[in-house]
Amino acid sequence: MRVTKAIKAEQLRILEKTYFDAKPALEYSNDFELLVAVVLSAQCTDERVNIVTRRIFPELNTPAAMLSIGVKKLEMLIKDCGLYKSKANNLIKTCDILVHQYKGEVPHEFEQLIELPGVGRKTANVVVSVLYGTPAIAVDTHVFRVSNRLKLGVASTPEEMELKLQKAIPKDKWSAAHHWLIYHGRRLCKARKPLCGECMLAHVCPSAGKVV
DNA sequence: CTCCCGATAT
DNA sequence: ATATCAGGAG
């Protein structure tokens with residue numbers, strides 16, 4: 001199947017119709033909490049992140065509070081999320097910067113966010129999109145896999161995919177499309193065993209039934 | 001490219 | 001047993 005511009009538009013139309021109510025799965029009650037939750041979500045399910053954050057956010061809901069407990073305690077608290085030494089180290093460093101350079105606030109600009117330790121393009125895009133309404137397409141493992149399968153965008157790196165998707169998707173749909181693709185990746189277009197048999201996109205998907 | 005890493009699904 | 005999970009840094 002050759003994925004033309006018209007087919008991509010049809011893919012997006014179906015995704016929107018199916019996942020119109022898609023929203024962030026991570027739980028948070030302020031800007032700082034969302035930033036922390038997204039950092040913790042690297043190579044970890046959102047469900048597990050929520051279990052951990054429900055336990056720690058009542059105490060650690062500000063960068064000053066998190067900074068004060070130190071790396072070792074933070075490591076123990078977030079251990080269940082995996083990659084815990086890097087994440088704890090990065091979070092403490094980020095908290096230090098937020099407290100001393102941003103008055104304890106989470107910066108609003110992508111260029112500022114991406115300079116924070118442990119914050120890359122994906123995390124920065126989620127923050128500006130979810131918190132500040134800036135059009136952005138955060139390319140995580142689901143967005144990358146699903147987009148490549150649909151050939152909505154074809155890329156070998158997340159950053160390349162981000163650029164391809166920005167061209168394939170109308171700007172006013174960027175942030176929503178990010179959530180459509182994640183929901184689709186979780187529910188049907190799974191990494192291991194995609195459910196092409198019950199997929200509403202199968203007739204416009206060049207990979208339908210072909211994924212090992 | 002490798003390393004970080006525990007929990008879960010298959 | 002192995003692949004994968006809202007990645008990022010060296």
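What you are looking at is a predicted structure, and each value in this text was computed from that prediction instead of being measured. Just so you know, these numbers use all the heavy atoms, side chains as well, and skip hydrogens, waters and symmetry mates. Letters go in sequence order (proteins before strands), and every chain restarts at 1.
- Proximity of residues 138-160 of chain A to DNA chain C (heavy atom under 4.0 angstrom from any strand atom) is restricted to A/D140, A/T141, A/H142, A/R145.
- Separating the P atom of C/dG8 from that of B/dA7 is a span of 22 Å, rounded to the nearest Å.
- Side-chain contact, A/R145 with A/H142: a donor N or O sits under 3.5 Å from an acceptor N or O.
- None of A/L83, A/L60, A/I56 except one satisfies the side-chain contact (heavy atoms from CB on, under 4.5 Å) rule with A/I78; the exception is A/I56.
- Residues A/L150 and A/S207 form no side-chain contact, since every pair of their non-hydrogen atoms from C-beta on lies 4.5 Å or further apart.
- A single hydrophobic cluster is seen to contain both A/Y183 and A/M161, as judged by linkage of ILVMFWY side chains at heavy-atom distances under 4.5 Å, directly or through other members.
- Hydrophobic cluster membership is shared by A/I14 and A/V146, with clusters built from Ile, Leu, Val, Met, Phe, Trp and Tyr side chains linked at under 4.5 angstrom.
- One P atom belongs to C/dA1, the other to B/dC4, and the distance between them is 23 Å to the nearest Å.
- A/L74 has its CG atom 16 Å from the P atom of B/dG6, to the nearest Å.
- Applying the side-chain contact (heavy atoms from CB on, under 4.5 Å) test between A/Y28 and each of A/N50, A/T53, A/L34 identifies A/L34 as the sole match.
- Side-chain N/O atoms of A/R121 include none lying less than 4.0 angstrom from OP1 or OP2 on C/dG8.
- In this structure, A/L113 places its CG atom 12 Å from P of C/dG8, rounding to the nearest Å.
- Within the model, atoms CG of A/L91 and NZ of A/K93 stand 11.5 Å from one another, a figure rounded to the nearest 0.5 Å.
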>> For a side-chain contact (heavy atoms from CB on, under 4.5 Å) check, start with the C-alpha distance between A/L77 and A/Y84, then their side-chain angles and the critical distance, and finish with the verdict.
In response: CA-CA 9 Å; A/L77 291 171; A/Y84 64 94; over 6 Å; no
>> Using the rule given for side-chain contact (heavy atoms from CB on, under 4.5 Å), can you reason through A/K8 versus A/K5, listing the C-alpha separation, both sets of side-chain angles and the distance that settles it, and then say yes or no?
In response: CA-CA 5 Å; A/K8 293 182 185 182; A/K5 212 161 186 174; 5.6 Å; no
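- Non-hydrogen atoms lying under 4.0 Å from DNA chain C are contributed by A/S41, A/A42, A/Q43, A/C44, A/T45, A/D46, all within residues 34-47 of chain A.
- One side chain, A/Y19 or A/H184, offers a donor N or O that lies under 3.5 Å from an acceptor on the other.
- Applying a 4.0 Å cut-off to non-hydrogen atoms, the residues of residues 76-95 of chain A that approach DNA chain B are A/K79, A/D80, A/G82, A/L83, A/Y84, A/K85, A/S86, listed by residue number.
- Between A/L26 atom CG and A/D46 atom CG the span is 6.0 Å, to the nearest 0.5 Å.
- Backbone-only engagement by A/L116 is indicated by non-hydrogen atom pairs under 4.0 Å involving sugar-phosphate atoms exclusively.
- In this structure, A/Y102 is a member of the same hydrophobic cluster as A/V99, with clusters built from ILVMFWY side-chain heavy atoms closer than 4.5 Å.
- The minimum heavy-atom distance between A/C81 and A/V52, with the atom names listed, is SG-CG2, 3.7 Å.
- In this structure, A/L98 CG and A/M66 CE are separated by 10.0 Å, a value rounded to the nearest 0.5 Å.
- Near DNA chain C, defined here as any heavy-atom distance below 4.0 Å, the residues from residues 20-28 of chain A are A/P24, A/A25, A/L26, listed numerically.
- Of the options A/E160, A/E162, A/E115, a salt bridge (Lys or Arg N to Asp or Glu O under 4.0 Å) to A/R121 is made by A/E162 and by none of the others.
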I'd like a table of atom pairs between the protein and nucleotides 8-10 of chain B - only N or O on both sides, under 3.5 Å - with the distance next to each one.
residue, atom, partner, partner atom, Å
B/dT8, OP1, A/R48, NH2, 2.3

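- As rounded to the nearest Å, C/dT2 and B/dC5 have C1' atoms that lie 15 Å from one another.
- Using a cutoff of 4.0 Å between basic side-chain nitrogens and carboxylate oxygens, A/K85 and A/E75 are not scored as salt-bridged.
- The hydrophobic clustering, which links ILVMFWY residues whose side-chain heavy atoms are closer than 4.5 Å, places A/F110 and A/V130 together.
- Shown for residues 122-134 of chain A: residues whose heavy atoms fall under 4.0 angstrom of DNA chain C, namely A/K122, A/T123, A/V126.
- With rounding to the nearest 0.5 Å, the separation of CD1 in A/I137 from NZ in A/K171 is 10.5 Å.
- Residue-to-nucleotide proximity on DNA chain C shows that, of A/I182 and A/P117, the 5′-proximal contact is made by A/I182.
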